[in-house]
Amino acid sequence: MKRSFANAEAWSGRKKRARSTSYYYESKQTGEEPLTRVEEQFICRYAYGRAAESVMMSERGQDFMAFAIDRDVCRFVLCDGVGLSYRGDVASQLLGRGLMGWLHSQDELSQPALERKLLELTQEAEREMRSLSVDAKAPKLLREVLEEKQRMGSEAMYVCGRIELPTRFRRKGRLWLAWQGDSRLRLWQGQHEISPIFGDRFRTGERWSSKSGPVGGKPHVYQCRLEHDSGYRLQMYSDGLNDLDPMKEPVPDDQVQVLMNALHTGGLEDDASFLEIMW
């Protein structure tokens, strides 16, 4: 779903700044997005696909992805709803939109500020979850299971961040990243992958809960000054695209689309989101 910044984020109450935004994308969880390339201040490639079973059942995808290019700033989020929780698709969308608004409005990004936002979002999530009713026509046993899941809340893993390029007012750029969960996050400088700087901190047991906020520990944060204004490649994707894990070199557009189509397995076995940002 590509739409104007002002319409996409009218809820953030910051329409004046919206006019300077050159591109905004938000995934539509009811359909697929083929590999698309955008060239602005940043070069972005992105794709979205639902699991074959979700496509067959006409169900919403559990992943949610969005990014915005605002002149010399790019902000982004990729969320993976936990399938065994209640309505992981709703959790991922609510979390993703909330984080995108926070990344837009927050001048100084920090772990404590993010943690406060994640806790704040539980209040909105609780109202949303209460508005979702379990189908009264469902078999009694299934209805009881769903009602119990609803009481326990919904969960999603996430990766989010903001890239600020150097300007005449900002001598050095900045990269700020945060995450919980096992979605992939990789960074190259020139031809060399430097992802080990993030550490071994991508764990399945960590996520956000609509009931309690961060689960499994505090959000992980990485930030650095950008020594150069170009030559970087940041890549993130959900575990539905784990075939990309061993690939160090840039993957051509058509090959990324082959992985998204997953014809060799009759379609994706899990939802898949892909976002690559180059500058």
Side-chain angles (χ1 to χ4, degrees), residues 1-12 14-28 31-49 63-79 96-97 99-107 109 158-178 183-191 223-238 241 244 249-257 260 273-279:
M1 178 187 300
K2 294 177 277 288
R3 52 188 182 181
S4 72
F5 183 89
N7 291 334
E9 300 198 357
W11 45 268
S12 72
R14 297 178 67 90
K15 291 185 182 179
K16 289 184 179 179
R17 188 174 175 184
R19 297 191 187 103
S20 65
T21 296
S22 53
Y23 198 85
Y24 181 91
Y25 168 79
E26 181 180 294
S27 59
K28 187 171 67 172
E32 282 57 61
E33 181 76 45
L35 196 285
T36 304
R37 177 184 289 260
V38 176
E39 298 191 17
E40 301 281 346
Q41 283 284 87
F42 301 84
I43 299 174
C44 300
R45 299 194 301 164
Y46 60 94
Y48 182 92
D63 284 7
F64 176 87
M65 179 174 65
F67 71 92
I69 300 172
D70 185 358
R71 293 182 180 176
D72 51 25
V73 175
C74 181
R75 53 198 168 88
F76 48 88
V77 65
L78 188 155
C79 299
R97 287 179 171 172
L99 289 175
M100 282 295 284
W102 180 78
L103 289 164
H104 177 55
S105 62
Q106 189 79 12
D107 290 328
L109 304 177
Y158 65 90
V159 172
C160 69
R162 192 166 78 193
I163 306 164
E164 301 168 356
L165 297 181
T167 67
R168 61 194 181 102
F169 302 110
R170 186 171 53 233
R171 190 169 61 86
K172 288 188 177 181
R174 183 172 72 148
L175 171 64
W176 191 91
L177 301 166
S183 292
R184 279 43 167 189
L185 181 62
R186 304 171 69 179
L187 179 64
W188 284 260
Q189 185 174 359
Q191 301 300 314
Q223 60 181 324
C224 69
R225 293 294 179 186
L226 298 175
E227 297 297 331
H228 310 283
D229 61 359
S230 62
Y232 294 93
R233 179 163 63 101
L234 180 67
Q235 188 181 87
M236 65 207 77
Y237 49 94
S238 56
L241 273 183
L244 283 173
E249 300 297 322
V251 183
D253 293 359
D254 60 337
Q255 292 302 309
V256 175
Q257 190 59 57
M260 295 295 298
S273 299
F274 171 83
L275 175 60
E276 184 175 77
I277 305 169
M278 293 167 278
W279 69 97

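Hydrogens, waters and symmetry mates are skipped; everything else that's a heavy atom, side chains included, is used. The first residue in the sequence is number 1, and the count goes up from there.
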Counting C-beta onward and ignoring hydrogens, is there a side-chain heavy-atom pair between R233 and E276 closer than 4.5 Å? yes
Evaluate side-chain contact (heavy atoms from CB on, under 4.5 Å) for L226 paired with I163, printing each intermediate quantity in order. CA-CA 9 Å; L226 298 175; I163 306 164; 4.1 Å; yes
For L103 and L109, what are the C-alpha separation, side-chain angles and deciding distance, and is it a side-chain contact (heavy atoms from CB on, under 4.5 Å)? CA-CA 8 Å; L103 289 164; L109 304 177; 4.1 Å; yes
What's the spacing between S183 OG and L275 CG if we round to 0.5 Å? 11.5 Å
Working for side-chain contact (heavy atoms from CB on, under 4.5 Å), residues L234 and W279: CA-CA 9 Å; L234 180 67; W279 69 97; 3.9 Å; yes
Which atom names give the shortest non-hydrogen contact between V77 and G96, and what distance separates them? CG1-O, 3.6 Å
Looking only at heavy atoms, which two atoms of L244 and Y237 are closest? And how far apart? C-OH, 3.5 Å
Take T167 and D72 through the test side chain to side chain donor-acceptor pair (under 3.5 Å) and record every step on the way to the result. CA-CA 8 Å; T167 67; D72 51 25; 4.6 Å; no
Please report the shortest heavy-atom distance between R162 and Q106, naming the atom on each side. NH1-O, 2.7 Å
In plain terms, say whether E33 and K28 are close enough for a salt bridge, that is, a side-chain N and a carboxylate O under 4.0 Å apart. no
Nearest 0.5 Å please: distance from the CD atom of E39 over to the CD1 atom of I69. 10.0 Å
Please name the residue in the list Y25, Y24, F274 that meets the ring-ring contact (aromatic ring centres under 6.0 Å, His included) test with Y46. Y25
CZ (R174) and CD (E164) are apart, to the nearest 0.5 Å, by 4.5 Å
Should the pair D253-R45 be classified as a salt bridge under the 4.0 Å nitrogen-to-oxygen rule? yes
Do P34 and Q257 come within less than 4.5 Å of each other through their side chains, counting heavy atoms only? yes
Could you tell me whether the side chain of R75 and the main chain of M100 form a donor-acceptor pair under 3.5 Å? yes
Can you confirm whether L177 sits close enough to L187 that some side-chain heavy atom of one is under 4.5 Å from a side-chain heavy atom of the other? no
May I ask you to check whether F64 and Y158 place their ring centres under 6.0 Å from each other? no
Roughly how far, to the nearest 0.5 Å, is CZ of R225 from CG of L175? 11.0 Å
Euclidean distance, I277 CD1 relative to F76 CZ, rounded to 0.5 Å: 4.5 Å
Between M260 and G49 the two heavy atoms that sit nearest each other are CE-N, 3.4 Å
Ignoring hydrogens and angles, tell me if any N or O in the side chain of S238 forms a donor-acceptor pair with the backbone of S273 under 3.5 Å. yes
Give the intermediate values and the outcome of side-chain contact (heavy atoms from CB on, under 4.5 Å) for residues M65 and D63. CA-CA 7 Å; M65 179 174 65; D63 284 7; over 6 Å; no
Value rounded to 0.5 Å, distance of CG in L99 from SG in C160: 5.0 Å
